[in-house]
Amino acid sequence: LILKTTNRARGIDVSGNVALENRHRGERCFVMGNGPSLGQQDLTPLANEITIGANSFYKHRDSEAVNLRYLCVGDASFMEDRPEAGEWHRILDRQHPRAEYLFPPDARHSIEKHDLYAGRTLRWFQRGVPTDRVDMVHCDLTLPLNTGMNTGTLLSIPLAIYMGCTEIYLLGFDCIWLDDYTGSYHFYDEHAQFPEFDSLAADDRWPRYEDQLVIAQRDFEGHRLLAQYARQNGIEIVNATGGWRRDTYPRTSYAKLFP
């Protein structure tokens, strides 16, 4: 209640997200993380599918062919009011002409100040306090979200559930952040606008290795809770990621989905 009141005072009202509820009831969708394996997958078959991407998905060679339906941006670092961030947002606007965007409340000031995304459908979400109990999990985007840590568990997968999708296929959820502390954990090597995302070592927001362990644990926990929540509600979440550390969901081959 305090969070909702605070955001409304800042002009952020997420009640309009009710328009997303059950929008795709009974349909299948593809939720994409940006792990290294995504760069090795041909995503052109997704052109006619319901697709949810995250952050810098536009860097994928098949981004134009996929033509995302939804783009989720969960990290507030992308919302800082600086020239590099503005450049990145303009790239998103050009590269995803039909996408609906979901941003954290911190984005609104910068977006309005710099007249970004003119004429586009923008939605906001609230980050709540993460729970460690499946009976407390919810995916209602009119309330503060309470699972996970990264964009996938915090926003993208809950969005798919909230929209009523009953077959949810995950791609690019490698979860290998801790495998190479100095190497890229994305399907691209460098991020011109946000070099802090080039590797864990480059990210001075979380300078201690212990911090990264906590973030990884919380994100793995978020996946486990979402998997349990989905099973309890008759929703199938399947991991079709090519390379992976995630053993939370049943697996399938991406190629089998497009015979």
Side-chain angles (χ1 to χ4, degrees), residues 1-21 23 31-34 50-60 63-64 66-130 139-160 162-163 186 188 191-197 203-205:
L1 179 60
I2 294 174
L3 181 59
K4 291 178 69 174
T5 302
T6 300
N7 281 330
R8 283 181 178 173
R10 297 165 58 196
I12 302 297
D13 183 1
V14 298
S15 62
N17 289 340
V18 71
L20 296 169
E21 187 175 11
R23 175 183 285 183
V31 179
M32 289 169 283
N34 291 333
I50 299 165
T51 47
I52 302 173
N55 303 328
S56 294
F57 174 78
Y58 72 88
K59 290 177 174 287
H60 197 280
S63 172
E64 184 176 353
V66 172
N67 199 10
L68 282 178
R69 294 285 299 275
Y70 304 93
L71 183 76
C72 296
V73 179
D75 196 316
S77 296
F78 289 116
M79 305 304 152
E80 295 175 358
D81 188 7
R82 53 189 176 99
E84 296 87 352
E87 177 187 1
W88 183 78
H89 283 284
R90 290 186 174 89
I91 292 172
L92 295 190
D93 194 13
R94 292 196 304 270
Q95 295 295 324
H96 304 303
R98 74 165 178 171
E100 291 189 30
Y101 296 84
L102 285 96
F103 292 121
D106 295 342
R108 182 159 188 167
H109 171 73
S110 182
I111 287 173
E112 292 181 348
K113 176 181 177 181
H114 299 288
D115 193 26
L116 301 170
Y117 302 104
R120 305 301 298 275
T121 300
L122 307 183
R123 301 186 183 278
W124 319 103
F125 75 93
Q126 297 173 326
R127 180 192 291 264
V129 178
C139 295
D140 185 345
L141 267 73
T142 68
L143 300 173
L145 296 173
N146 65 350
T147 59
M149 188 73 181
N150 295 324
T151 301
T153 48
L154 171 66
L155 181 57
S156 300
I157 297 173
L159 171 63
Y162 187 61
M163 292 194 297
H186 296 111
Y188 50 87
H191 204 307
Q193 293 83 18
F194 300 96
E196 61 267 33
F197 294 123
D203 192 348
D204 58 7
R205 298 173 304 165

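Just the heavy atoms: all of them, side chains too, but no hydrogens, waters or symmetry mates, feed the values below.
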Undergrad: Is it the case that the side chains of His191 and Ser56 hold a donor-acceptor pair, with the cut-off being a distance below 3.5 Å and no angle test?
TA: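 Side chains of Ser56 and His191: pair found under 3.5 Å.
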
Undergrad: If we count only N and O atoms by modelled type, under 3.5 Å, do the side chains of Asn34 and His60 hold a donor and an acceptor together?
TA: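 Per modelled atom types, Asn34 and His60 side chains form no pair under 3.5 Å.
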
Undergrad: Would you mind reporting whether Val129 and Asn146 have side-chain heavy atoms less than 4.5 Å apart?
TA: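 Asn146 does not reach Val129 side chain to side chain.
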
Undergrad: Where is the tightest heavy-atom contact between Pro104 and Ala76, given as atom of each residue plus distance?
TA: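 Heavy-atom minimum between the residues: CG-CA, 4.5 Å.
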
Undergrad: Over all heavy atoms of both residues, which pair between Cys72 and Leu155 is shortest? Give the atoms and the distance, please.
TA: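 Taking Cys72 first and Leu155 second, the nearest heavy atoms are CB-CD2, 3.5 Å.
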
Undergrad: Give a yes or no on whether the backbone of Phe78 and the side-chain of His89 come within a donor-acceptor separation of less than 3.5 Å.
TA: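 Yes; judged by distance alone, with no hydrogens or angles, the pair exists.
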
Undergrad: Does the Thr153 side chain pair with the main chain of Met149, one donor and one acceptor, at a distance under 3.5 Å?
TA: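 Answer holds: yes.
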
Undergrad: Judged by modelled atom types alone, do Tyr58 and His96 share a side-chain donor-acceptor pair under 3.5 Å?
TA: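 Their side chains do not contain a donor-acceptor pair, so the 3.5 Å distance test is not met.
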
Undergrad: How close do Thr151 and Ala54 get, counting heavy atoms only, and between which atoms?
TA: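 Taking Thr151 first and Ala54 second, the nearest heavy atoms are CG2-CB, 3.9 Å.
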
Undergrad: Which class fits the ring pair Phe194 and Trp88: parallel under 30°, tilted 30 to 60°, perpendicular over 60°?
TA: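 Phe194 vs Trp88 ring planes: perpendicular.
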
Undergrad: Below 4.5 Å, heavy atoms only, C-beta onward: do Arg98 and Arg69 meet side chain to side chain?
TA: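 Counting from C-beta outward, Arg98 and Arg69 do come under 4.5 Å.
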
Undergrad: Rounded at 0.5 Å granularity, tell me how far OG in Ser77 sits from CZ in Arg205.
TA: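 Output value for this atom pair is 3.5 Å.
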
Undergrad: List the steps, then state whether side chain to side chain contact (heavy atoms under 4.5 Å, CB included) holds for Leu141 with Val14.
TA: CA-CA 7 Å; Leu141 267 73; Val14 298; over 6 Å; no

Undergrad: Distance-only, no hydrogens or angles: does the Asn17 side chain make a donor-acceptor pair with backbone N or O of Trp124 under 3.5 Å?
TA: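 Judged by distance alone, yes, a pair lies under 3.5 Å.
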
Undergrad: Just do the ring pair (Phe, Tyr, Trp, His ring centres under 6.0 Å) check on Phe57 and Tyr188 with the steps written out, would you?
TA: CA-CA 10 Å; Phe57 174 78; Tyr188 50 87; over 10 Å; no

Undergrad: Can you confirm whether Phe125 sits close enough to Pro105 that some side-chain heavy atom of one is under 4.5 Å from a side-chain heavy atom of the other?
TA: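 Of all side-chain heavy-atom pairs linking Pro105 with Phe125, none is under 4.5 Å.
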
Undergrad: Just wondering, more than 12 heavy atoms not from Glu64 lying within 6.0 Å of its CD?
TA: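 Count not over threshold, so no.
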
Undergrad: Look at Asp106 together with Arg127 and state whether they make a salt bridge at an N to O cut-off of under 4.0 Å.
TA: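 No.
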
Undergrad: For residues Gly148 and Pro130, report the shortest heavy-atom separation together with the two atoms involved.
TA: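 Residues Gly148 and Pro130, closest heavy atoms: O-CG, 4.1 Å.
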
Undergrad: From Asn55 CG over to His186 NE2, what is the distance, rounded to the nearest 0.5 angstrom?
TA: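 Taking CG in Asn55 and NE2 in His186, the distance rounds to 7.0 Å.
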
Undergrad: Atom CG of Leu116 and atom CZ of Arg108: how far apart are they, to the nearest 0.5 Å?
TA: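 Reported to 0.5 Å precision, the distance equals 13.5 Å.
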
Undergrad: When you look at Glu100 and Arg123, which way does the salt bridge (Lys or Arg N to Asp or Glu O under 4.0 Å) test go after all the steps?
TA: CA-CA 8 Å; Glu100 291 189 30; Arg123 301 186 183 278; 3.1 Å; yes

Undergrad: Working to the nearest 0.5 Å, report the span between CD1 of Ile52 and OG of Ser156.
TA: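 So the CD1 of Ile52 and the OG of Ser156 are separated by 6.5 Å.
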
Undergrad: How many angstroms lie between atom CG of Leu159 and atom OH of Tyr70, to the nearest 0.5 angstrom?
TA: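 If I round to the nearest 0.5 Å, the distance is 7.0 Å.
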
Undergrad: Rounded to the nearest 0.5 Å, what's the gap from CG on Asp115 to CZ on Arg90? Could you check?
TA: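 The CZ atom of Arg90 is 8.5 Å from CG of Asp115, to the nearest 0.5 Å.
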
Undergrad: Minimum heavy-atom separation for Ala118 to Asp93, with atom names?
TA: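 Heavy atoms of Ala118 and Asp93 come nearest at N-OD2, 4.5 Å.
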
Undergrad: Using atom types as modelled and distance alone, determine if a side-chain donor or acceptor of Tyr101 lies under 3.5 Å from a backbone N or O of Leu92.
TA: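 Judged by distance alone, yes, a pair lies under 3.5 Å.
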
Undergrad: What pair of heavy atoms forms the shortest contact from Tyr162 to Thr142, and how long is it?
TA: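 Closest pair (atom of Tyr162, atom of Thr142, distance): OH-CG2, 3.6 Å.
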
Undergrad: Is there a side-chain contact between Leu143 and Gln126, using heavy atoms and a 4.5 Å cut-off?
TA: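 With C-beta onward as the side chain, the pair stays apart.
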
Undergrad: Does any non-hydrogen side-chain atom of Glu87 lie less than 4.5 Å from one of Pro83?
TA: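 With C-beta onward as the side chain, the pair stays apart.
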
